[in-house]
Amino acid sequence: MFRTRFAPSPTGYMHIGNLRTALYAYLTAKQADGIFILRIEDTDQNRNVPESVQAIYNGLRLAGIEYDEGPDKDGGYGPYTQSQRLPIYKEYADKLIQSGHAYYCFCQKEDKPALEITGERVQGYRDPCRNLSPEEVKAKFDEGILPVIRQRIPEPGVSSFFDHVYGEISIDHAQLDDQVLLKSDGFPTYNFANVVDDHLMAITHVIRGQEYLTSTPKYNLLYEAFGWERPEYVHLPHIIKEDGSKLSKRKGDPSFEDLVRMGYLPEAIVNYVALLGWNPGDEREYFLLPELVAAFDMNRINKSNAAFSFDKLRWLNGEHIRALSPEEFHSRALPFYPAGFDRFDLKQLSALIQVRTENLSDIPALVGFFGELPVYEAGLFAHDKSKSTLESSKTILQAVRPLFAAINEWTNETLFAVLKELAVSQGFKVGTVMWPIRTALSGQETSPGGATELAAILGKDESLRRIELGLEKLR
RNA sequence: GCUCCUAUGGUCUAGUGGUUAGGACGCGGCCCUUUCAAGGCUAAAACCCGGGUUCGAGUCCCGGUAGGAGCACCA
């Protein structure tokens, strides 16, 4: 049975990289009928943002990624929030002390010069406390100093492991730090908690960002120290920007929730993000979540970073929008219509714009002219492709006025039939008749829908009024 | 600085020794058409560099170069 987990720290929002990590973990579990778990990694007391656990729930729900076990969904492996597991970490850290795989360190943070800043940093940090005698340890305790617990990296040695994305990785123990496992405040570090929890929660596949690749040997050493079986590893390349820099909320790059607010469909974002670093092995690109579950294969994940392209997301969003049923599109479009638009038949309008909408937030600009006729120049009535001139436009508009006034059944079909007949009887191309009408109705060079479609939505009175206005410009 | 990783058109990618190097986005053109979209067709555009191995290398090896990541009482 596959068991995977998504283990975010509660920072307040779901960024794109996290979304993909969650997605891949979910897909890996689900394609094998396994269990997907949500675990909250809130072991940094300085970095907890209130409400942010809620943001994680919301993000996952929005994405359609449902977890089988989590803080609010017990599956017998809880608690699923690390801050509630402190005694567990303590217990296991003590075991490591007893077995000699870890040691107390009484150094204070201030004692450690900031070597990493100088660029002169030495690898494989070995703390002096590594060699404290039991008496010295006792003496420090008696002094009342709160120790941290550090991992004792066995030396010399080399550790290797297999990663489903990166293959065989080997790292010399001389590169590995005697890192802190348990902080002096009693909280574990990620380095410790992830190992204990992944084992206790019976995680079979650890799926996480590539930044953990080089510290994985340290975790493996821990598994060994406990006599536990290692999980399978799937490290993910990063998602970056097209200029090669990394996505950052601080620089204004949108989170998952932001993208949804910007009018991208959650399912389109999920689809797009799935394709950033993975492909199904054939040429399909359009996927709904269940299809991703079926198609996903962790062994087809790429090794190199992928740049997030808004162009392509936008296209894919359009694909998803077009794939929606007219009813579904309408209900999603509804919140994006400008105020006062309920005077129109919005259902009809939605039908018109669905294929022309690549992003829901395009809607206001797309339909704005229905609400208010834009200011435009008479020159708009001249159009080569439709063989329209100012003269022909004037003639047609004049002819159309009484024709429209006489129509009782104000529908696209009737309107089209009437205009078509006008074109035939007057020897005009259909386009030549339609152009001035569409122009007068929209006041724009382009519009979502042709002359009769616009007229049907605008209604008889307003259509007539706009034709009149157009005629004035042509006088 | 040390270590690990990566490298196919502008971008996402297929490719696992022999291909006219395939697809997608974007971009140009054409068709369709009631303007614009959508749809269809089509063009331009890529194997980082240098050595090897091999009859043959985008594919394997080595070395460069470039980029990314890690080296916290952060995750």
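The figures that follow rest on heavy atoms only: side chains count, while hydrogens, waters and symmetry mates do not. In the text below, chain A, chain B and the rest are named by the order of the sequence lines, each starting its count at 1.
B:rA75 makes up no base pair with any nucleotide shown, lacking Watson-Crick or G-U wobble contacts both under 3.5 Å. B:rG18 and B:rC55 make up a base pair, with Watson-Crick or G-U wobble contacts both under 3.5 Å. Across all strands shown, B:rU3 forms a Watson-Crick or G-U wobble pair, both distances under 3.5 Å, with B:rA69. For B:rC41, the paired nucleotide is B:rG29, the pair qualifying as Watson-Crick or G-U wobble because both relevant distances are below 3.5 Å.
Taking CD of A:E41 as the reference point, atom CZ of A:F6 lies at 10.0 Å (rounded to 0.5 Å).
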Under 3.5 Å, which donor-acceptor pairs link side chains of residues 419-431 of chain A to any protein atom two or more places apart or in another chain?
| from | atom 1 | to | atom 2 | distance (Å) |
| --- | --- | --- | --- | --- |
| A:S425 | OG | A:E421 | O | 3.1 |
| A:S425 | OG | A:L422 | O | 3.0 |

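Residues A:P188 and A:Y89 share a closest heavy-atom pair of CG-CD1, 3.3 Å.
Residue contacts for A:T189: at a heavy-atom cut-off of 4.0 Å it reaches the sugar-phosphate backbone alone, with no base atom in range. Backbone-only engagement by A:V430 is indicated by non-hydrogen atom pairs under 4.0 Å involving sugar-phosphate atoms exclusively. Nucleic acid contact for A:S9: sugar-phosphate only, since backbone atoms but no base atoms lie under 4.0 Å from a heavy atom of the residue. Heavy atoms of A:R322 sit under 4.0 angstrom from primed sugar atoms or phosphate atoms, though from no base atom.
Between A:L236 and A:T21, some side-chain heavy-atom pair lies under the 4.5 Å cut-off. Side chains of A:K473 and A:Y376 form a contact here, defined as non-hydrogen atoms less than 4.5 Å apart.
For A:Y212 and B:rA75, a side-chain-to-base donor-acceptor distance below 3.5 Å is present, hydrogens and geometry of angles not being considered.
Between the CG atom of A:D44 and the P atom of B:rC73 there is a distance of 12 Å, rounded to whole Å. Here B:rC74 presents its P atom at 13 Å from CD of A:Q82, a figure rounded to the nearest Å.
One C1' atom belongs to B:rC71, the other to B:rC62, and the distance between them is 27 Å to the nearest Å. Across B:rG58 and B:rU20, the matching P atoms stand 13 Å from one another, rounded to whole Å. Only the C1' atoms considered, B:rC73 is 44 Å distant from B:rC61, to the nearest whole Å. Taking atom C1' in both B:rA46 and B:rC55, one finds a spacing of 27 Å when rounded to whole Å. Nucleotides B:rA24 and B:rU3 place their P atoms 44 Å apart, quoted to the nearest Å.
Stacking of the aromatic ring of A:F416 onto the base of B:rU34 is found: the ring centres lie under 5.5 Å apart and the planes are inclined by under 30°.
Salt bridge annotation for A:K246-A:D253: absent, with no cationic side-chain nitrogen under 4.0 angstrom from a carboxylate oxygen.
Here the rule is salt bridge (charged side-chain N to carboxylate O under 4.0 Å, His left out) with A:D178, and of A:R150, A:R152, A:R130 only A:R130 fits it.
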(request) Between protein and nucleotides 4-14 of chain B, map the contacts as a letter string: B base, S sugar-phosphate only, - none, heavy atoms under 4.0 Å, written 5' to 3'. (result) SSSS---SBSS
